[in-house]
2 protein chains.
Amino acid sequence: MKLITKNTDYAVRALLVLGGHPQEYISARQVALEQLIPYQYVRKLLRKLMHYDLVVSRDGAGGGFTLKSSPSKIKLADIIRIFQGDIQLSECMFRKKICPQRSRCVLRTHIMSIERLVEKEFNGITLESMLKELKGKK
Amino acid sequence: MKLITKNTDYAVRALLVLGGHPQEYISARQVALEQLIPYQYVRKLLRKLMHYDLVVSRDGAGGGFTLKSSPSKIKLADIIRIFQGDIQLSECMFRKKICPQRSRCVLRTHIMSIERLVEKEFNGITLESMLKELKGKK
DNA sequence: TTATCTGAGACTATTTTAGTATCAGTTAAG
DNA sequence: CTTAACTGATACTAAAATAGTCTCAGATAA
Ligand code: FES
Ligand code: FES
């Protein structure tokens with residue numbers, strides 16, 4: 001069971017790179033090199049982060065990506081949601097209007113509360129807090 | 001992001017069926033019918049539960065499966081571990097001796113503590129408690 | 001002896017995750 | 001005004017995880 005996929009992991013690292021160079025445009029190539037992420041792959045991730053308004057890009061030579069908003073506003077939970085979708089109970093169809101099993105489903109309420117707990121934890125971790133930790137390690 | 005896969009979900013349902021008929025041997029067919037799980041699939045799950053000592057089987061006509069130990073001893077966390085493996089951080093290689101990224105890895109400690117939190121929650125849910133809830137719903 | 005069961009293992013299918021390749025268009029700098 | 005360093009978009013392929021099927025040998029109750 002994985003709480004975090006490679007996608008998310010890479011995305012966080014990429015954002016940390018951008019966060020490490022405020023106001024600068026950093027190319028995908030540089031991110032790939034700094035974090036040892038496959039070049040084309042990180043480009044894809046960065047583009048996705050752009051679609052979700054976490055970063056902005058600039059075309060052409062000297063271009064690249066930079067954070068759109070302050071690191072304190074970027075939560076780990078957001079990143080996870082972008083790359084792994086919402087936290088959700090297996091095949092339980094309770095999102096699809098009415099689940100036929102619902103009346104005798106025992107897992108549902110438990111999972112939902114644990115999901116909320118996890119979400120809360122992930123919400124407490126921001127890019128800012130991660131950047132600080134990183135500085136502490138250097 | 002899924003905390004629970006279909007595997008686990010089915011397995012829990014199967015165990016609930018067995019738990020609903022203490023001391024009786026229930027056939028895979030009956031479990032499949034009661035819970036609308038594909039027959040061959042549930043057989044495979046039950047066999048796995050047997051390998052992990054949660055249930056015992058009896059061959060031949062009138063045979064089937066029954067819980068090996070008391071429902072109070074069967075934790076949701078056990079079932080998840082059987083079907084989804086340990087909770088673990090993405091590709092972080094810190095299990096493999098030394099991870100090259102470790103020194104500048106910021107996610108590791110966070111994820112580990114959240115993993116422990118989740119594990120603790122799942123440990124608090126037993127087959128017994130689920131059976132009780134189910135009775136309350138009937 | 002037959003119908004009903006499990007054990008085991010090989011398969012196939014589907015979905016999710018990871019990664020690559022290509023091409024058109026933008027921009028800075030010589 | 002050409003070239004090198006970029007991004008946007010999209011279509012791919014590959015690998016891994018999950019879900020589900022099929023078949024056959026052997027056990028057992030009736
Ligand atoms: S399976 Fe639908 S409510 Fe749980
Ligand atoms: S990636 Fe290895 S310690 Fe985090």
Side-chain angles (χ1 to χ4, degrees), chain A residues 1-11 13-14 18 24-33 35-53 55-66 68 79-80 82-92, chain B residues 1-11 13-14 18 24-33 35-66 68 79-92:
Chain A
M1 171 187 221
K2 278 189 240 168
L3 288 186
I4 299 280
T5 61
K6 231 165 171 175
N7 260 338
T8 305
D9 188 45
Y10 284 165
R13 292 173 195 282
L18 302 191
E24 280 177 58
Y25 281 85
I26 309 296
S27 74
R29 179 141 270 129
Q30 187 175 339
V31 173
L33 290 176
Q35 292 289 349
L36 305 174
I37 306 173
Y39 172 62
Q40 292 294 353
Y41 200 63
V42 83
R43 284 193 58 201
K44 195 147 104 175
L45 299 181
L46 284 165
R47 239 173 286 135
K48 196 161 185 179
L49 289 170
M50 186 187 63
H51 290 311
Y52 281 89
D53 268 346
V55 307
V56 268
S57 74
R58 197 166 62 183
D59 273 19
F65 301 84
T66 196
K68 181 159 186 185
I79 306 169
I80 291 178
I82 290 173
F83 292 98
Q84 304 175 222
D86 278 313
I87 298 179
Q88 63 190 224
L89 176 49
S90 73
E91 273 305 289
C92 169
Chain B
M1 173 188 221
K2 278 190 239 167
L3 289 185
I4 298 282
T5 62
K6 231 164 170 175
N7 261 338
T8 306
D9 187 45
Y10 285 166
R13 292 173 195 282
L18 302 192
E24 281 176 58
Y25 281 85
I26 309 295
S27 75
R29 178 142 270 128
Q30 186 176 340
V31 173
L33 290 176
Q35 293 287 349
L36 305 173
I37 305 173
Y39 172 62
Q40 292 293 353
Y41 199 62
V42 83
R43 283 193 58 201
K44 196 145 105 174
L45 299 181
L46 283 165
R47 238 174 287 137
K48 196 160 186 181
L49 288 171
M50 185 187 64
H51 290 311
Y52 281 89
D53 268 347
L54 293 193
V55 306
V56 268
S57 72
R58 196 165 62 185
D59 272 19
F65 300 84
T66 197
K68 183 160 185 184
I79 306 169
I80 291 178
R81 213 174 299 111
I82 290 172
F83 292 98
Q84 303 174 225
D86 278 314
I87 297 179
Q88 62 189 226
L89 176 49
S90 73
E91 273 305 288
C92 169

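Note that the structure is predicted; figures quoted are calculated from it, not measured. Proteins get letters first, then strands, A, B, ... in listed order; numbering begins at 1 in each.
- With hydrogens and angles ignored, the 3.5 Å screen pairs no side-chain donor or acceptor of B:Q35 with any backbone N or O of B:A11.
- Atom-to-atom, CD of B:Q40 to C1' of C:dG9 comes out at 12 Å; the value is rounded to the nearest Å.
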| Should A:V31 and A:Y10 be marked as a side-chain contact (heavy atoms from CB on, under 4.5 Å) after you check the CA-CA gap, both sets of side-chain angles, and the distance that decides it? | CA-CA 10 Å; A:V31 173; A:Y10 284 165; over 6 Å; no

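- Contact check, B:K2 against C:dT16: no side-chain N or O comes under 4.0 Å of OP1 or OP2.
- Contact annotation: B:T5 reaches the phosphate of D:dA19 (side-chain N/O to OP1 or OP2, under 4.0 Å).
- Between the CZ atom of B:R58 and the P atom of D:dT28 there is a distance of 10 Å, given to the nearest Å.
- Taken residue by residue, residues 43-57 of chain B places heavy atoms nearer than 4.0 Å to DNA chain D at B:K44.
- What separates CG of B:D59 from P of D:dA25 is a distance of 16 Å, to the nearest Å.
- Two residues are said to be in side-chain contact when any heavy atoms from C-beta on lie closer than 4.5 Å; A:L49 and A:F83 meet this criterion.
- For the atom pair CD (A:Q84) and CG (A:L3), the distance works out to 8.5 Å, reported to the nearest 0.5 Å.
- No side-chain heavy atom of B:T66 sits under 4.5 Å from any side-chain heavy atom of B:L18.
- Remark: C1' of C:dT4 and CZ of B:F65 are 13 Å apart, rounded to the nearest angstrom.
- Comparing A:G62 and B:G60 against DNA chain D, the residue whose closest nucleotide sits nearer the 5' end is A:G62.
- Applying the ring pair (Phe, Tyr, Trp, His ring centres under 6.0 Å) criterion to B:F65, with sequence neighbours excluded, gives no partner residue.
- With contacts defined as side-chain heavy-atom distances shorter than 4.5 Å, the pair A:N7/A:Y41 qualifies.
- Considering only side-chain N and O atoms, A:Y10 lies nowhere under 4.0 angstrom from the phosphate OP1 or OP2 of C:dT17.
- In this entry the distance linking NZ of A:K6 with P of D:dA17 reads 11 Å, nearest Å.
- Distance, A:R13 CZ to C:dA18 P: 13 Å, rounded to whole Å.
- Checking A:T8 against A:A61, the closest nucleotide of DNA chain C that is more toward the 5' end is the one next to A:T8.
- With distances taken from any side-chain atom of B:N7 to the nucleotides D:dG20, D:dA19, C:dT20, the minimum falls on D:dA19.
- Residue B:Y39 contributes atom OH, which lies 12 Å from atom C1' of D:dT23 at whole-angstrom precision.
- Rounded to an integer number of Å, the gap from B:Y41 OH to D:dC22 P is 15 Å.
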